[in-house]
Amino acid sequence: MNNRALIKELEQLLRRESDFCTSDGTLIRTTIAEAAMELHPQLLRLLAAHKELRAFFFAQVDDMLVFDKVKFLRFVANKNFLPDSFTAYRNRIGLADMNGDMLAEQRQIVLNWPYKDCLLEGGQTREEARRQEIFWNETLAPDEINRLTEPKALCNFHRVTEEGPTPVTTLTPDDNYIIHGNNLLALYSLRKRYAGKVKMIYIDPPYNTGGDSFGYNDTFNHSTWLTFMRNRLMVARDLLTADGSIYVQLDWNEAHYCKVLMDEIFGRDCFRNEIIWCYTGPGSPGMKQLNRKHDTILWYSRSPNEWTFNGNDIRLRSEVHAGGFKGEMSANVSSSYSEKGKIPEDWWELFHTPEDLADEIRRLNKENKTINDSDWFKAAVAARIRVDGVQRTGYLTEKPYKLMERLIRQGTNEGDLVLDFFAGSGTTGYVAGYLKRRYILVEQLEDTIAIMHRRFRDASPIYCEPAAANSRFMTAITSATTSEELCTILRQMTEKSYLNWRVDIEALNSSTGTFADLPLPQQRAILMECLDKNMLYVPLSELDSSEFSLSADDRKLNHAFYHQA
């Protein structure tokens with residue numbers, strides 16, 4: 001007998017005893033619990049006389065029955081026993097499993113870390129919406145995962161120009177793209193067209209600092225962050241060319257864990273370098289340890305035997321030894337070598353000469369006067385002071401052009417494709433563009449997409465986004481402020497949305513009165529649970545379906561995007 005049946009049998013049994021219920025038959029949880037604590041004879045007789053309940057709550061010891069008081073108390077304390085209206089309603093419409101357990105509260109614990117084999121969508125869309133990320137896949141049924149990762153239909157194609165968004169009628173293999181949307185779904189969509197075609201991937205993901213200085217939700221717990229990264233790195237690997245590379249920039253919070261994770265995904269023999277990017281800035285006078293003043297850039301190649309490294313393109317002016325290591329440093333001993341310069345080591349400094357530093361300070365001071373932000377200098381330090389003067393956008397985590405130039409020059413050639421799926425303000429694409437590389441940027445924060453529209457208006461990349469299906473209802477649910485609005489959304493959902501397959505449609509349609517009586521937060525929670533989270537966006541396979549309102553132009557551009565060589 002499953003838990004749901006046991007609960008029903010126990011409730012019916014306890015109602016036979018007037019001490020345990022009110023005159024109208026409502027069971028009194030506290031009285032029942034007190035009776036168990038005191039080993040009330042009538043309670044024990046009732047339970048022992050029922051075959052299934054006796055087997056569940058008693059243990060046979062020789063010729064005696066021993067009551068498991070702790071087990072019984074835990075059972076009656078569970079929210080599924082004598083549920084409130086919210087829990088009861090969820091049970092009624094099918095949002096519980098066969099044992100009566102809430103599906104949204106189930107957790108899979110597996111080897112290595114919790115949820116390693118799950119898919120974490122990571123759905124934050126606005127910078128201020130620092131929500132706690134959730135695993136959209138409530139069960140790990142293969143067909144549900146396949147639907148989540150199926151390529152999505154795209155819409156709202158336009159070219160970013162000086163005049164504003166300009167309609168797009170054709171696509172070419174040389175186009176650059178800004179994709180606004182969840183990067184996990186975007187990566188699976190890109191894989192259909194770009195598998196094995198991306199020469200370089202650079203990402204600057206959330207550092208998992210536990211703070212709030214980054215635009216993305218940067219307060220993941222450790223295992224959630226690992227799952228979040230693993231999901232994306234697995235599909236990113238498939239996009240790389242045979243001689244392609246991926247660079248992942250992190251700080252001390254997760255860099256070492258990510259190294260182990262990337263060893264697993266790409267292979268330890270594909271590890272090329274741990275690049276240490278050193279910077280400087282103020283420290284606390286009361287510090288009890290050394291100041292942490294570097295980021296780590298993990299560089300992995302797709303193949304253990306083949307990768308692109310243009311060392312001559314990134315040489316630095318260098319002094320050389322006179323007479324080997326026993327001599328002194330001299331810039332004149334080998335003028336040809338000094339002019340050619342040397343290939344950098346795997347630690348990179350922000351400035352190379354006092355003149356560089358002085359020049360940058362002058363530019364920083366000049367720009368500070370134009371930025372209305374009292375914490376500007378503090379933010380600049382937190383963002384690893386950028387060395388680009390007026391070229392900066394002001395985006396908090398923007399990386400220096402010079403840093404991106406070195407990475408892109410060393411790992412790609414003109415005409416190669418560069419991908420950044422944590423694009424932020426788009427520095428990777430902007431630098432790739434003026435270095436004559438192609439680029440694809442993926443960004444999900446609406447605020448940041450607005451920055452990119454301003455920044456790329458002279459570069460004319462193509463913008464697009466996944467076509468919304470159930471995500472329209474999620475937005476409406478979040479925005480609703482009254483119960484009447486949510487009741488209207490409920491009616492619309494039963495007519496036009498994709499519902500969780502467990503939901504009993506008839507029970508949902510016949511229970512609008514019960515739904516209306518629930519508090520507003522619980523109404524929202526019910527509606528969110530009812531939606532099929534794997535149908536937030538239109539699958540590419542449904543591109544031509546009459547169920548969705550994709551225009552003829554959108555359908556044409558989708559065919560062009562996904563089928564170009």
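Basis for what follows: all heavy atoms, side chains included, without hydrogens, waters or symmetry-related copies.
Taking the charged nitrogens against the carboxylate oxygens, Glu264 and Arg230 do have a contact shorter than 4.0 Å, which makes a salt bridge.
Looking at Ser510, its side chain does come within 3.5 Å of a backbone N or O of Ala507 through a donor-acceptor pair. No donor-acceptor pair closer than 3.5 Å links the side chain of Arg54 to the backbone N or O of Leu65. Within the 3.5 Å criterion, the main-chain N or O of Met474 finds a donor-acceptor partner in the side chain of Thr478. Between the side chain of Arg457 and the main chain of Glu163, no donor-acceptor pair closer than 3.5 Å is present. Under a 3.5 Å cut-off, the side chain of Ser189 and the backbone N or O of Lys152 do form a donor-acceptor pair. The closest donor-acceptor contact from the side chain of Trp225 to the backbone of Glu254 lies at 3.5 Å or more, if one exists at all. At distances below 3.5 Å, not a single donor-acceptor pair connects side-chain atoms of Asn183 with backbone N or O atoms of Ala186. The closest donor-acceptor contact from the side chain of Ser18 to the backbone of Arg16 lies at 3.5 Å or more, if one exists at all. Looking at Thr448, its side chain never comes within 3.5 Å of a backbone N or O of Gln444 through a donor-acceptor pair.
For residues 461-484, every residue pair satisfying the ring-ring contact (aromatic ring centres under 6.0 Å, His included) rule, not counting sequence neighbours, is listed here: His158-Tyr463, His453-Tyr463. Judged as a salt bridge (Lys or Arg N to Asp or Glu O under 4.0 Å), the pairs with a partner in residues 552-563 (not counting sequence neighbours) are, in order, Asp544-Arg555.
Residues Asn156 and Cys464 form no side-chain contact, since every pair of their non-hydrogen atoms from C-beta on lies 4.5 Å or further apart. By the 4.5 Å heavy-atom criterion applied to side chains, Ile449 and His180 are counted as neighbours. Inter-residue side-chain proximity for Ile477 and Ile489 is flagged as met; some heavy-atom pair is nearer than 4.5 Å. At a threshold of 4.5 Å between non-hydrogen side-chain atoms, the residues Tyr188 and Pro151 do not count as touching. Between Glu17 and Leu46 the shortest side-chain heavy-atom distance falls below 4.5 Å. Here the side chains of Ile201 and Asp420 are not in contact, with every heavy-atom distance at 4.5 Å or above. Between Leu190 and Ile179 there is a side-chain heavy-atom pair separated by less than 4.5 Å. Put simply, the side chain of Arg454 does not reach to within 4.5 Å of the side chain of Val160, judged on heavy atoms.
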For this session: Decide yes or no on side-chain contact (heavy atoms from CB on, under 4.5 Å) for Leu39 and Phe67, but give the supporting numbers first.
Result: CA-CA 9 Å; Leu39 300 178; Phe67 177 56; 3.7 Å; yes
Exercise. Would Gln492 and Ser497 count as a side chain to side chain donor-acceptor pair (under 3.5 Å) if you check the C-alpha gap in whole Å, the side-chain angles of each, and the deciding distance to 0.1 Å?
Worked result: CA-CA 7 Å; Gln492 293 172 343; Ser497 73; over 6 Å; no
For this session: Run the numbers on Leu540 and Asn558 for side-chain contact (heavy atoms from CB on, under 4.5 Å), then give the verdict.
Result: CA-CA 8 Å; Leu540 182 63; Asn558 272 274; 4.2 Å; yes
Exercise. Given Gln42 and Arg45, is the side chain to side chain donor-acceptor pair (under 3.5 Å) satisfied, shown in steps?
Worked result: CA-CA 5 Å; Gln42 183 58 17; Arg45 281 194 289 269; 3.2 Å; yes
For this session: For the pair Glu547 and Tyr498, evaluate side chain to side chain donor-acceptor pair (under 3.5 Å) and give the outcome as yes or no after the intermediate values.
Result: CA-CA 11 Å; Glu547 290 185 55; Tyr498 285 83; 2.8 Å; yes
For this session: Take Leu13 and Leu53 through the side-chain contact (heavy atoms from CB on, under 4.5 Å) test and state the conclusion after the steps.
Result: CA-CA 10 Å; Leu13 184 69; Leu53 295 174; 3.5 Å; yes
Problem set entry | Worked verdict on Thr481 versus Leu520 for side-chain contact (heavy atoms from CB on, under 4.5 Å) | CA-CA 8 Å; Thr481 58; Leu520 199 67; 5.8 Å; no
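Between Phe20 and His40, the angle of the ring planes goes over 60°, which puts this pair in the perpendicular group of the 30/60° scheme.
The line from CG of Asp447 to CE of Met452 is 11.5 Å long, rounded to the nearest 0.5 Å. Between the NZ atom of Lys51 and the CD atom of Glu9 there is a distance of 12.5 Å, given to the nearest 0.5 Å. Going from atom CG of Leu419 over to atom OG1 of Thr428 covers 9.5 Å, rounded to the nearest 0.5 Å. The line from CD1 of Ile28 to CD of Glu34 is 10.0 Å long, rounded to the nearest 0.5 Å. For the atom pair CG (Leu486) and CG (Leu527), the distance works out to 5.5 Å, reported to the nearest 0.5 Å. Here the CG-CD distance, from Leu490 to Glu495, works out to 10.0 Å after rounding to the nearest 0.5 Å.
Atom NZ of Lys71 has more than 12 neighbouring heavy atoms from other residues, nucleotides or ligands inside a 6.0 Å radius. Summarising the local packing, CZ of Arg237 is surrounded by more than 12 heavy atoms from other residues, nucleotides or ligands at distances under 6.0 Å. A 6.0 Å sphere centred on CD of Glu506 holds no more than 12 heavy atoms belonging to other residues, nucleotides or ligands. Counting non-hydrogen atoms of other residues, nucleotides and ligands closer than 6.0 Å to CZ of Phe548 gives a total above 12.
Residues Gly429 and Leu441 approach most closely at N-CD2, 3.6 Å, considering heavy atoms. Between Ala516 and Cys487, the shortest heavy-atom contact is CB-SG, 4.0 Å. Here the shortest heavy-atom pairing between Cys155 and Leu550 reads CB-CD2, 4.1 Å. Listed here is the closest heavy atom pair of Ile203 and Leu233: CD1-CD2, 4.3 Å. Residues Arg159 and Ser460 come closest through the heavy atom pair NH1-O, 2.8 Å. Of all heavy-atom pairs between Leu508 and Cys530, the closest is CD1-SG, 4.3 Å.
Ring centroid separation for the pair Phe56 and Phe72 does not come in under the 6.0 Å cut-off. Tyr439 has its ring centre no less than 6.0 Å from the ring centre of Tyr202.
Considering only residues two or more places apart in sequence or on other chains, Phe515 meets the ring-ring contact (aromatic ring centres under 6.0 Å, His included) condition with none of them. Remark: Asp532 pairs with Arg147 by the salt bridge (Lys or Arg N to Asp or Glu O under 4.0 Å) rule, at least two apart or across chains. Taking the ring-ring contact (aromatic ring centres under 6.0 Å, His included) definition, one finds that Phe561 meets it with Tyr177, sequence neighbours left out. Every residue two or more places apart in sequence or in another chain that forms a side chain to side chain contact (heavy atoms under 4.5 Å, CB included) with Thr475 is listed here: Ser479.
Figure legend: cation-pi geometry between Arg232 and Phe228, with NZ or CZ positioned under 6.0 Å from the six-membered ring centre and within 45° of its axis.
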